[in-house]
Amino acid sequence: MMKRTHMCGELRQNHNGQSVVLAGWVNTFRSQGKGLLFIDLRDRDGMTQLIFDLEDADEEIVQLANGLRREDVIAVRGEVRAKDKPNPKLSTGEIEVLVSELEILNKTEKPPILPEDHEAEQVAEDVRLKHRYIDLRRPRMQHMLRTRHQVAMSAREYFGTEGFLEIETPCLIKSTPEGARDYIVPSRIYPGNWYALPQSPQIFKQILMVAGCDRYMQIVRCFRDEDPRADRQAEFTQIDLEMSFVERADVMEVVSDFVRQLWRNVVDVQIGDIPTMTYKDAMERYGIDRPDLRFGLELSDVSDLAGKTDFRVFTEALEEDNGVVKAIRVPGGAKQLTRKVIDKYNEFVKTFKAGGLPSVKLTENGFETGIAKFVAPIGDALKEQLSLEVGDLVFFAADTWSIVTKALGELRNQLGRDLELIDEDAWNFLWIVDFPMFEYDDEAGRWVALHHPFTSPMPDQFDILESDPGACISAGYDLVCNGSEIAGGSIRIHDRKVQQRVFELLGISEEEAEQKFGFLLKALRYGAPPHGGIAFGLERIIMQMIGRDNIRDVIAFPKTLNGADLMSEAPGPVDEAQLEELCVQVTLPSN
């Protein structure tokens, strides 16, 4: 085989006249009369146009060149020459290579898909996933893989210079509840006992702080047996870190510096200072704890005004505990949103338990349509509070605070997309802090941790842990980028007694805590330092950087929505002998 001298995206005018050897896949081929054959040769770096002068070439090259087809693997030797008419669509568009030698390295069968972005995007996802080795040849997928590599390298470089040690934690651990089902692995040596695959390295990185490692980081695989969705996979990757002798602000400062460097290095973007917003403020104004601030449409609490109307939907909601009425002003919505579209949004909010979506339009003649007659008595005050102008539309929601904020928060995001209000070229980063420590689960009849049970309350909140857990504020923090949570963490509980108090509030008995978290509780007895950390979702970073909204587009070998790997045909059956050796018997559910 000829020894390659350059990548296919590397050659420029300064290589003019040089003899080069390229290798790759035939991307396209075309004849142009006068005995000329043109081929675009592709590798992971890009494409170069090749020219075969079949009239001057020897018979062997003519025969081989005429037999080439897309996705054949070849190597060529030739001379670089400047093009009379450059192709601005290619980075190598100013040059071409006149081929003097051709070696066919592998002929291909007719591929089930072709690795071109505009063609592959039209192919069903299951077909692309089944033939992922071809799909990954696409320029967009190669860009994704390079971006993942750059992010990982940048993370290691930054945290290494900041004194973090990269330490691996085990993949076969004891099953511990962290909010999702564990993947479990049977033990051959200990029949009837099971390992679990880690949902995160949470307990182990806390153990590393107790062990005196001071600063830890790891790019780590995590596993959660939960239903996949657009931004979730059964196995995913975290950039994970933990720090000793720190407070919340210390962790946020280190992470903010990392994010600034990461975006500068990988996508050449300067993001500046990252502002902070409280959880309560985010929920009140945007209805979601990861608000996208690239557009407006803030929620406004109009409960005081709504209570002065005769509209029963408003008044009955306000009579309930935690009942509120909130509104969203849609500038220009009176003309942009038709009755049909408004009805669609009405059904949309019902999926979030809202009863409906009353609306009204402000025209030159005053309030019209919808609930105009009910709004008229409070019209002037409503105009002032919402800064309404002629042509605006107002949506209302009336119910409990949690239902209203959730429904209008989701509606706000949908309006932002539908009305094309989002600046896709903008970058908006935001820290969310002061989360509630607990939320009450009505079905379970007990408190549950909003983050996880190892999150510490803020220093001034310990006194109300038991007396008013619903008001207790945690030392947690989330980093949001363009409406997506890309990282989350907290200051941890380092005092065993406090950890036991939290377990009791969560309904975890002393015996259960000892059984599930015994080794962590034991470690806390022996001089655990104050510590805290955070974990980035690596895939969520990549999704933001390359502008994709499906996590399967940023993983080399993802699972389908049903958790299957179509290429390797996993999961699949195993031999009875393997099951017997593991002391496992399979019982399928009856239909």
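A quick note: this is a predicted structure, and the numbers were derived from the prediction, not measured. One-based numbering along the sequence shown.
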(message) Looking at R290 and E485, is any side-chain nitrogen of the basic one under 4.0 Å from a carboxylate oxygen of the acidic one?
(response) no
(message) Which label fits W427 and W263: parallel for a plane angle under 30°, tilted from 30 to 60°, or perpendicular past 60°?
(response) perpendicular
(request) Report the distance from atom CE of M217 to atom CG of L241, rounding to the nearest 0.5 Å. (result) 7.0 Å
(request) Look at E121 together with R548 and state whether they make a salt bridge at an N to O cut-off of under 4.0 Å. (result) yes
(request) Any salt bridge (Lys or Arg N to Asp or Glu O under 4.0 Å) involving residues 42-54? Give me the pairs, sequence neighbours left out, ordered by first then second residue. (result) R42-E71
(message) Please report the interatomic distance CG(L520) to CD1(I203), rounded to the nearest 0.5 Å.
(response) 5.5 Å
(message) For the backbone of R294 and the side chain of D292, can you confirm whether one donor and one acceptor N or O come within less than 3.5 Å of each other?
(response) yes
(message) With a 6.0 Å cut-off on the ring centroids, do F517 and F454 count as close?
(response) yes
(request) With rounding to the nearest 0.5 Å, note down the distance linking CD in Q414 to CD in E410. (result) 9.0 Å
(request) Begin from the C-alpha positions of S154 and R156 and carry the test side-chain hydrogen bond (donor to acceptor under 3.5 Å, both in side chains) through to its verdict. (result) CA-CA 6 Å; S154 188; R156 288 191 165 101; over 6 Å; no
(message) Under the side-chain hydrogen bond (donor to acceptor under 3.5 Å, both in side chains) definition, can you give me all pairs with a residue in residues 8-23, not counting sequence neighbours?
(response) none
(message) Any non-hydrogen side-chain atom of I534 less than 4.5 Å from a side-chain atom of Y477?
(response) yes
(message) Going by side chain to side chain donor-acceptor pair (under 3.5 Å), name the residues that satisfy it together with R188, two or more places apart in sequence or in a different chain.
(response) none
(request) Report yes or no: is the cationic atom of R215 (NZ for Lys, CZ for Arg) under 6.0 Å from the centre of the six-membered ring of F245, at an angle within 45° of the ring normal? (result) no
(request) Considering only NZ, NE, NH1 and NH2 on the basic side and carboxylate oxygens on the acidic side, decide whether E226 and R181 come within less than 4.0 Å. (result) no
(request) Determine, step by step, whether D214 and S244 satisfy the side-chain hydrogen bond (donor to acceptor under 3.5 Å, both in side chains) criterion, reporting the C-alpha distance in whole Å, the side-chain angles of both residues, the deciding distance to 0.1 Å, and the verdict. (result) CA-CA 5 Å; D214 197 83; S244 290; 4.7 Å; no
(message) I need the full list of side-chain hydrogen bond (donor to acceptor under 3.5 Å, both in side chains) pairs touching residues 567-579, with sequence neighbours left out, sorted by first then second residue.
(response) D565-S568
(message) With a 4.5 Å cut-off on side-chain heavy atoms, are H143 and I546 touching?
(response) yes
(request) If a pair satisfies salt bridge (Lys or Arg N to Asp or Glu O under 4.0 Å) and one of its residues is in residues 90-118, list it, with sequence neighbours excluded. (result) R70-E116, D72-K107, R77-E101, R81-E96, D117-R138
(request) Would you please indicate yes or no on a ring centroid separation below 6.0 angstrom for F536 and F258? (result) yes
(request) Give a yes-or-no answer on whether the side chains of W431 and S256 include a donor-acceptor pair shorter than 3.5 Å. (result) yes
(message) Nearest 0.5 angstrom please: R132 CZ to R137 CZ, how far?
(response) 13.5 Å
(request) Could you tell me if the ring centre of F435 sits under 6.0 Å from that of H451? (result) yes
(message) Holding to side chain to side chain donor-acceptor pair (under 3.5 Å), I want the full list of residues that pass it with Y216, two or more places apart in sequence or in another chain.
(response) Q218, D240
(request) May I ask you to check whether S187 and N193 show a side-chain donor-acceptor distance below 3.5 Å? (result) no
(request) Output, in order, the C-alpha distance, side-chain angles, deciding distance and verdict of side-chain hydrogen bond (donor to acceptor under 3.5 Å, both in side chains) for D182 and S175. (result) CA-CA 7 Å; D182 286 330; S175 179; 2.4 Å; yes
(request) Please round to the nearest 0.5 Å and tell me the distance separating atom CD of Q233 and atom OG1 of T560. (result) 8.0 Å
(message) Using every non-hydrogen atom in the two residues, find where D553 and M144 come nearest and quote the distance to one decimal.
(response) O-CG, 3.6 Å
(request) Would you check if I173 and F204 make a side-chain contact, meaning some heavy-atom pair closer than 4.5 Å? (result) yes
(request) Mind running salt bridge (Lys or Arg N to Asp or Glu O under 4.0 Å) on R224 and E235 for me, showing each step along the way? (result) CA-CA 7 Å; R224 295 181 184 177; E235 52 180 314; over 6 Å; no
(message) Just verifying a value: how many Å separate S100 OG and I61 CD1, rounded to the nearest 0.5 Å?
(response) 6.5 Å
(request) Could you check if a side-chain atom of I51 sits within less than 4.5 angstrom of a side-chain atom of V99, using non-hydrogen atoms only? (result) no
